[in-house]
Novice: 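Let me begin by handing over the structure; questions about it come next.
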Amino acid sequence: MVCWVGLTGGIGSGKSQAAAEFVRLGVPVIDADAVSRSLTADSGAALPEIRKALGNQLFDAEGRLKRAALRDMVFRRPQAKQILENIMHPLILAEIRQRQSVVGQVYGVVDIPLLIERPVFFGLTERILVVDVSETTQVGRVYSRSGLETEEIKRIMASQARRRDRLLAADDVLSNEGTLAELAGKVRRLHHYYLALFSCFTGANP
Ligand code: ADP
């Protein structure tokens with residue numbers, strides 16, 4: 001049995017950076033956003049249901065999903081957002097479960113940015129690891145990465161779980177206020193901790 005850690009955190013907290021460190025250490029990492037994108041890519045498994053539930057106008061002549069039109073619809077109509085999530089969540093869950101059937105590892109990581117907001121995904125992991133930074137650091141890092149206006153960044157942050165709620169749900173917290181090298185060091189320590197912890201769990205030799 002392979003155990004799974006749910007990696008989460010707000011926008012700009014450093015999840016992708018932490019996930020890349022786990023990959024460098026040889027840990028299998030499943031990216032839930034990539035799973036979601038693959039389901040809505042050309043010929044993706046979610047497209048027939050999305051077309052049926054939300055309409056042909058979201059598709060071009062070649063049958064490709066018009067992502068901007070879908071984003072706009074979901075932004076304007078909360079009901080459409082709910083319909084979309086009802087289609088996507090079971091498919092994402094099934095695809096992640098499929099990808100979790102790796103063997104020969106003590107543990108793996110599932111990177112789920114909106115894990116705290118979507119309890120439907122809690123059953124996928126044994127433990128929750130929250131990457132945490134102050135809101136000021138969050139805004140600064142997203143600004144440097146994307147050039148988005150501060151107001152827009154704050155609007156996205158307001159649509160996500162509150163820092164307090166994320167920390168309450170966490171089994172482990174990775175504070176990412178330091179340098180990238182410090183983050184890498186913390187991930188290495190966590191890696192050794194998880195190897196020991198999950199070996200006890202499963203009886204594997206780390
Ligand atoms: P998330 O995936 O949580 O949105 P990222 O991992 O993309 O966040 O990090 C956001 C930005 O901040 C990226 O440009 C990343 O390189 C940078 N970053 C992350 N951690 C650190 C750090 N400890 N020091 C400096 N920059 C960082």
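When a residue number appears, it is its place in the shown sequence, counting from 1. On a predicted model such as this, the values are computed, not experimentally measured, just so you know. Indexing begins at 1, ligand by ligand and atom by atom, following the structure's order.
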Novice: Do the non-hydrogen side-chain atoms of Arg24 and Val187 ever get within less than 4.5 Å of each other?
Specialist: no
Novice: Which heavy atom of the protein is the closest neighbour of atom 21 (C) of ligand 1, given with residue, atom name and distance?
Specialist: Leu180 CD2, 3.3 Å
Novice: Of the backbone atoms (N, CA, C, O) and the side-chain heavy atoms from C-beta on, which set of Thr179 has a member under 4.0 Å from an atom of ligand 1: side chain, backbone, both, or neither?
Specialist: backbone
Novice: Which pair of heavy atoms, one from Val131 and one from Ser13, lies closest together, and at what distance?
Specialist: CG1-O, 3.3 Å
Novice: Are the charged groups of Arg166 and Asp132 less than 4.0 angstrom apart, N to O?
Specialist: no
Novice: Backbone N or O of Val142 within a donor-acceptor pair of the Ser146 side chain at under 3.5 Å?
Specialist: yes
Novice: Which ligand 1 atoms are under 4.0 Å away from a heavy-atom of Asn176?
Specialist: 19 (C), 20 (N), 21 (C), 22 (C), 23 (N)
Novice: Taking only heavy atoms of Gly10 into account, list the atoms of ligand 1 that are under 4.0 Å away from them.
Specialist: 3 (O)
Novice: Would you indicate which of Ala20, Gly9, Gly14 comes nearest to atom 8 (O) of ligand 1 when only heavy atoms are counted?
Specialist: Gly14
Novice: Given the rule that I, L, V, M, F, W and Y join up when any side-chain heavy atoms are under 4.5 Å apart, are Ile128 and Leu124 in one cluster?
Specialist: yes
Novice: Considering non-hydrogen atoms of the protein only, which is the closest contact for atom 2 (O) of ligand 1, and what is the distance?
Specialist: Ser16 OG, 2.6 Å
Novice: Do Ile11 and ligand 1 have an N or O pair less than 3.5 Å apart?
Specialist: no
Novice: Any N or O on Gly178 sitting closer than 3.5 Å to an N or O of ligand 1?
Specialist: yes
Novice: Working to the nearest 0.5 Å, report the span between OH of Tyr194 and CG of Leu129.
Specialist: 4.0 Å
Novice: Measuring only between side-chain heavy atoms, which start at C-beta, is Ile30 closer than 4.5 Å to Ile112?
Specialist: no
Novice: So which of Gln17, Glu177, Arg145, Arg141 gets nearest to atom 22 (C) of ligand 1, if we judge by its closest heavy atom?
Specialist: Arg141
